[in-house]
Amino acid sequence: MPELWLNFKDPEGVSRRVRVDGSKFVIGRHSDSDLAIADSRLSRVHAQIEHFAGRWEIADAGSSNGTELNGSPVFDAAPLYDGSSVSLGGLQIRVEIAESRVEPIQPTPTAAPAAPKAKPAAAAAARASGRSVPIGLILAIPVLALVLVSLAGGVVYLVLARNPTVAVANNGDDDPIPEDDPPANGKDPDKTPAPSSTPANSGMSNAPTPTPANLSETAKVEVNGAAFLRKVAENDPKIFLTTDQAKRVSAKIKQLSGSSAVAENLKSAKQNSSKIKDIATKTSLHPMLVAIAAATKLGTSKGDIVAAAETVAPVLQKLKVHIGTEFGDDCLLLIAAYDQGERGDTMKMRNMLQALANEVSESSRTIRTIWFLEKRQKITAGEFDRALSFLAIGTIAQNPKDFGVNIDALEV
């Protein structure tokens with residue numbers, strides 16, 4: 001990975017050169033920032049630099065005085081290059097990017113010349129007998145091999161065609177490809193993936209996917225809940241809800257679906273989708289995330305959905321710098337931490353996750369879920385319930401009539 005350095009003068013006029021460490025690097029006035037600069041022009045959390053997809057990018061974190069790159073305001077993540085000029089509210093920073101240097105490996109000297117290569121056995125035998133190998137035989141060997149490979153492929157195709165339930169062992173990821181049919185013992189699988197769809201934020205339509213007929217209530221939650229999380233996440237096309245998780249969401253849906261206020265708030269979000277999109281664009285958030293977060297804040301009380309969106313979006317924007325929205329589980333953590341962010345403690349969740357990663361042996365993806373944190377009592381009951389309500393309302397919004405709510409699906 002190329003090294004990125006920041007060159008600037010601190011408030012005392014001292015030239016500084018700071019290396020950006022890690023894949024995420026926060027700059028701000030707060031002492032908890034990766035680079036803390038005591039400059040009144042900076043916000044407590046001003047900007048974030050991230051290494052993503054092989055390049056460095058910078059994004060404003062909702063600062064008061066803004067961030068500029070080469071004289072242009074930064075709203076969404078913008079790429080950094082060697083020599084780029086960054087202004088953080090007026091503090092000038094010059095970017096320096098250098099490739100990591102790796103010393104070439106010196107060849108090991110040989111003590112003696114290499115022995116001549118052995119002659120092929122067939123050729124040697126032919127010479128010994130005074131006969132040459134027929135050229136036709138040499139040409140026939142690869143043709144025969146190709147015929148054998150084709151026959152083997154045909155056998156495999158016939159086996160798969162007769163028995164489509166034969167599963168491929170692995171698709172290159174950690175988890176095996178799930179089968180479409182339920183297991184023979186009749187029990188629900190622990191993980192039930194939703195039907196595949198276009199990955200979130202791909203620019204394709206957010207039109208709802210019709211739920212297959214004759215599904216159980218839990219299965220409807222699995223399908224629609226996964227569809228919702230795919231939309232709000234930046235890159236999580238394989239997200240799914242387990243059966244146990246879907247049951248908990250289903251119980252919350254039963255509490256909320258009977259509220260006329262929830263239905264009215266979702267209906268209002270659809271009517272005001274253009275305003276919500278504008279709010280989401282200004283805060284670098286997904287419109288569906290903002291809409292459902294606003295509906296969650298209103299809860300079972302009918303209210304102004306646009307005003308609620310204007311309230312929640314800036315808080316979520318600041319939390320996003322430290323928690324992210326790449327995965328569906330990240331989005332749920334964002335909502336769980338909302339009260340923390342509203343109090344100005346935008347790093348509390350991140351710090352807790354980092355500390356927990358040093359305490360347990362589970363993977364980062366496992367730790368960064370509301371389900372694991374609730375089990376370990378690392379989030380409060382109120383924080384978990386807020387995230388669960390967010391997921392329940394988002395699930396309803398995909399196909400409301402599946403859950404007894406007589407409104408159209410939300411598209412933003």
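Here the structure is a predicted model, which is why all the values come from computation and not from measurement.
- Looking only at distances, a side-chain donor or acceptor of Ser43 sits under 3.5 Å from a matching main-chain atom of Ser64.
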Exercise. Please walk me through it: do Val405 and Val262 pass side chain to side chain contact (heavy atoms under 4.5 Å, CB included)?
Worked result: CA-CA 9 Å; Val405 179; Val262 172; over 6 Å; no
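- Counting heavy atoms of neighbouring residues, nucleotides and ligands inside a 6.0 Å radius, atom NZ of Lys9 does not exceed 12 of them.
- Residue Trp56 comes nearest to Pro2 through the heavy atom pair NE1-O, 3.2 Å, listed as atom of the first residue, atom of the second, then distance.
- You'll find the side chain of Leu289 reaches within 4.5 Å of the side chain of Leu334, heavy atoms only.
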For this session: With side chain to side chain contact (heavy atoms under 4.5 Å, CB included) as the test, would you mind laying out the steps for Ile279 and Leu285 before giving the verdict?
Result: CA-CA 8 Å; Ile279 296 170; Leu285 296 168; over 6 Å; no
List the atom pairs, with distances to 0.1 Å, where a side-chain N or O of residues 297-318 and a protein N or O form a donor-acceptor pair under 3.5 Å, not counting sequence neighbours.
from, atom 1, to, atom 2, distance (Å)
Asp304, OD1, Val306, N, 3.1
Asp304, OD1, Ala307, N, 3.2
Thr311, OG1, Ala307, O, 3.0

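- Between the side chain of Ser84 and the backbone N or O of Tyr81, at least one donor-acceptor pair lies under 3.5 Å.
- Side chain of Arg29 to backbone of Leu42: a donor-acceptor contact under 3.5 angstrom is found.
- Partners of Asp21 under the salt bridge (Lys or Arg N to Asp or Glu O under 4.0 Å) rule, at least two apart in sequence or in another chain, are Arg19.
- Distance check, rounded to the nearest 0.5 Å: CG of Asp339 to CD1 of Ile335 gives 10.5 Å.
- Summarising the local packing, NZ of Lys270 is surrounded by more than 12 heavy atoms from other residues, nucleotides or ligands at distances under 6.0 Å.
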Problem set entry | CA sep, side-chain torsions, deciding dist, call: Arg343, Asp345, salt bridge (charged side-chain N to carboxylate O under 4.0 Å, His left out) | CA-CA 6 Å; Arg343 295 192 300 266; Asp345 198 354; 5.6 Å; no
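- Looking at Asp236, its side chain does come within 3.5 Å of a backbone N or O of Gly328 through a donor-acceptor pair.
- Pairing each heavy atom of Ser273 with each of Val412, the nearest pair is CB-CG1, 3.6 Å.
- Rounding to the nearest 0.5 Å places NZ of Lys277 at 10.0 Å from CE of Met288.
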For this session: Might you work through the side chain to side chain contact (heavy atoms under 4.5 Å, CB included) test for Val221 and Glu217, ending with a clear yes or no?
Result: CA-CA 6 Å; Val221 173; Glu217 288 299 314; 5.8 Å; no
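- Taking 4.5 Å as the limit, some side-chain heavy atom of Leu373 sits within range of a side-chain heavy atom of Leu353.
- With a 4.5 Å cut-off on side-chain heavy atoms, Met352 and Ile379 count as touching.
- Side-chain atoms of His46 come within 3.5 Å of backbone atoms of Gly66 as a donor-acceptor pair (strictly under, hydrogens ignored).
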For this session: Please report the C-alpha distance between Asp385 and Lys252 in whole Å, then the side-chain angles of each, then the deciding distance to 0.1 Å, and finally whether the side chain to side chain contact (heavy atoms under 4.5 Å, CB included) criterion is met.
Result: CA-CA 9 Å; Asp385 188 70; Lys252 176 59 68 173; 2.7 Å; yes
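- Between atom CD of residue Gln48 and atom NZ of residue Lys24 there is a gap of 5.5 Å, rounded to the nearest 0.5 Å.
- Between Ile367 and Glu362 the shortest heavy-atom distance is CD1-O, 3.6 Å.
- Both tests do not hold together for Arg368 against Phe327: distance to the six-membered ring centre under 6.0 Å, angle to the ring axis within 45°.
- Between Leu4 and Glu96, the closest side-chain pair of non-hydrogen atoms is not below 4.5 Å.
- No more than 12 heavy atoms of other residues, nucleotides or ligands shown are found within 6.0 angstrom of CZ on Arg44.
- Within 6.0 Å of atom CD in Glu12, 12 or fewer heavy atoms from other residues, nucleotides or ligands are found, so the atom counts as exposed in its surroundings.
- Between Met349 and Leu319 there is no side-chain heavy-atom pair separated by less than 4.5 Å.
- Side-chain contact check for Gln354 versus Asn358: every heavy-atom pair is 4.5 Å or farther apart.
- Note: Leu6 CG to Arg17 CZ = 10.0 Å, rounded to the nearest 0.5 Å.
- A distance of 11.5 Å separates OG1 in Thr283 from CG in Asp60, rounded to the nearest 0.5 Å.
- Judged purely by atom type and a 3.5 angstrom limit, Asn65 uses its side chain to pair as donor or acceptor with the backbone of Arg41.
- You'll find the side chain of Phe8 reaches within 4.5 Å of the side chain of Leu35, heavy atoms only.
- Counting all heavy atoms, side chain and backbone alike, Ser87 lies closest to Gln92 at OG-NE2, 3.3 Å.
- Counting heavy atoms from C-beta outward, Lys320 and Glu234 have side chains that approach closer than 4.5 Å.
- Closest of all the heavy-atom pairs between Ile292 and Ala397 is CD1-CB, 4.0 Å.
- The stretch residues 372-394 participates, sequence neighbours left out, in these ring pair (Phe, Tyr, Trp, His ring centres under 6.0 Å) pairs: Phe228-Phe390, Trp371-Phe384.
- One distance of note links CG of Leu69 with CD1 of Ile93; it measures 11.5 Å at 0.5 Å rounding.
- When all heavy atoms of Ala337 and Ile323 are compared, the pair lying nearest together is CB-CD1, 4.0 Å.
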